[in-house]
Amino acid sequence: MMEFKTLGQFIIEKQEEFPFAKGELSRLLRDIGIAAKVVNREVNKAGLAEILGPYGQFNVQGEEQQKLDVLADKEFISALKRGGECCYIASEEHEEGLDLSSEGKYIVCIDPLDGSSNIDVNISIGTIFSIYRRKSSSGRVSEEDVLQQGVHQVAAGYVLYGSSTMLVYTTGHGVNGFTLDPSIGEFCLSHPMMRIPENGNTYSINQGNFINFPPAIKEYVKMCQEENLESGRPYSLRYIGSLVADLHRTILKGGIFMYPESVRHRKGKLRLMYECNPMAFILEQAGGRASTGKERILEIQPDELHQRTPLVIGSSAMVLVVEKLYADIGKIAQST
Ligand code: P6P
């Protein structure tokens, strides 16, 4: 009989690593795990249950909501409400955050179903979450409680609904991955202490935007395509167009993912609070690096809930090359 450790057992085992009151984070992560199982069930039967396709409404991003988006949003919100540990939820699907006015001490920023444009074509999609402890002790949640730098996250994770469904999270003591075993309905530890290789030979970017990339990114993409046997170039281009899937591959295999600023996306496309901060926390905890090309993602001071940021993330040696290109090109621009 293969020994296995469920997410619940693991969280309880590790809760002494968590500096706050015993059990709070355990219950919060348990609530997220429960909602993830429900969303997984719906994602896996999407093709059969007439819940594919557009919902007929548009979210705050102006993106047409897919039915599964709405279902996932409702599932995570109700699970967090029931659990009682969360006092405020910032969701990609809502313009304003949701003040649960509970006694909970935790704030959850969440992208309930990222990559939803891939739902109808059966490509992996994901949930991304970020957890902060409120700064104020009680009363109404303030903007200061919510708009915290990524360095203050107490936990972050993602769920990948793919060929198998995984939940990967960190509380600042490394990154651990759990695979859902449908036969027992439990997430079981499958990837203990995940580490990203320091280098890689894959780059991940929507090359269709090349003409609008900043010079440093154009220069780096050209480097990726050059023949240089010593550094294993040309690299392979892998781009799924689903952030969680692209970054999960990057952690496991090494490589670099970039969604830079461009003419079309002046501040980048990806959202700081519920996409880039959680993924940056996870990648750094796995030994990787995450920046805008110029600034560490986790040190960005947010000034609004749905703000976007450029993202350069992955194997540290590769991200450092991009950052050097930004710095060198910046110096040339200043001296001319
Ligand atoms: P593009 C999916 O819509 C998403 O938010 C991320 O999951 C993904 O990395 C990115 O957008 C893809 O954007 O412009 O390449 O289609």
Side-chain angles (χ1 to χ4, degrees), residues 39 43 46 52-55 57-70 72-73 76 90-94 109-130 156-162 165-166 168 202-214 217-218 221 224 237-253 255-280 282-283 288 290-293 297 305-314 319:
V39 171
V43 165
L52 281 183
Y55 182 66
Q57 293 184 14
F58 291 80
N59 66 13
V60 61
Q61 330 294 339
E63 295 161 347
E64 185 163 37
Q65 286 184 310
Q66 300 290 325
K67 291 173 187 169
L68 271 173
D69 278 33
V70 176
D73 183 57
F76 281 102
S91 165
E92 178 180 56
E93 300 302 325
H94 299 268
C109 301
I110 190 164
D111 186 349
L113 207 59
D114 178 75
S116 51
S117 52
N118 293 307
I119 291 172
D120 294 358
V121 293
N122 213 8
I123 288 176
S124 299
I125 48 184
T127 296
I128 311 170
F129 62 89
S130 169
Y158 60 82
V159 183
L160 176 60
Y161 310 98
T165 294
M166 281 195 71
V168 175
T202 302
Y203 72 107
S204 187
I205 190 167
N206 182 342
Q207 202 137 311
N209 299 327
F210 184 86
I211 189 81
N212 293 321
F213 286 157
I217 297 292
K218 282 184 178 175
V221 168
C224 291
L237 172 60
R238 293 284 182 275
Y239 192 72
I240 302 168
S242 184
L243 183 65
V244 172
D246 277 317
L247 289 190
H248 185 68
R249 180 201 61 247
T250 301
I251 296 175
L252 294 181
K253 304 284 188 188
I256 187 168
F257 174 93
M258 295 161 280
Y259 208 110
E261 66 281 15
S262 69
V263 171
R264 199 158 147 244
H265 297 292
R266 292 206 174 285
K267 290 195 172 178
K269 174 185 181 184
L270 301 174
R271 307 293 176 171
L272 175 64
M273 296 306 290
Y274 39 78
E275 290 175 339
C276 298
N277 266 338
M279 296 315 274
I282 291 166
L283 263 290
S291 74
T292 61
I297 293 290
L305 208 47
H306 299 287
Q307 77 182 63
R308 301 173 191 265
T309 176
L311 180 65
V312 179
I313 187 169
V319 174

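If you read the sequence from its start, that first residue is 1, and numbering goes on from there. Indexing begins at 1, ligand by ligand and atom by atom, following the structure's order. Note that these values count all heavy atoms, side chains included, but never hydrogens, waters or copies made by symmetry.
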- Message: Checking Asn209 against His265: is there a side-chain donor and acceptor pair closer than 3.5 Å?
- Response: no
- Message: Under a 3.5 Å threshold, yes or no: a donor from one side chain and an acceptor from the other, between Asn277 and Ser130?
- Response: no
Could you check [atom] against the protein and tell me its nearest heavy-atom contact, residue, atom and distance included?
atom	value
atom 9 (O) of ligand 1	Leu243 N, 3.4 Å
atom 14 (O) of ligand 1	Tyr259 OH, 2.6 Å
atom 12 (C) of ligand 1	Tyr239 OH, 3.3 Å

- Under the side-chain hydrogen bond (donor to acceptor under 3.5 Å, both in side chains) rule, collect the residues that match up with Tyr158, sequence neighbours excluded. His248
- Only counting residues at least two apart or in another chain, list the ones meeting side-chain hydrogen bond (donor to acceptor under 3.5 Å, both in side chains) with Asp69. Ser116
- For the pair Tyr259 and Phe257, name the ring-plane relationship: parallel under 30°, tilted 30 to 60°, perpendicular over 60°. tilted
- Query: Do the side chain of Ser242 and the main chain of Gly115 share a donor and acceptor less than 3.5 angstrom apart?
  - Reply: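 No, because the side chain of Ser242 does not come within donor-acceptor range (under 3.5 Å) of the backbone of Gly115.
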- Nitrogen or oxygen atoms of Asn206 and ligand 1 under 3.5 Å apart: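 Yes; at least one N/O pair falls below 3.5 Å.
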- Message: If you measure every N or O of Asp114 against every N or O of ligand 1, does any of those distances drop under 3.5 Å?
- Response: yes
- Any atoms of ligand 1 less than 4.0 Å from a non-hydrogen atom of Ser242? List them with their elements. 7 (O)
- Message: Counting only heavy atoms, tell me which of Gln207, Arg271, Lys269 gets closest to atom 13 (O) of ligand 1.
- Response: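 The option holding the nearest heavy atom is Lys269.
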- Judged by heavy atoms only, the candidate from Gly241, Ala245, Gly208 nearest atom 8 (C) of ligand 1 is Gly241
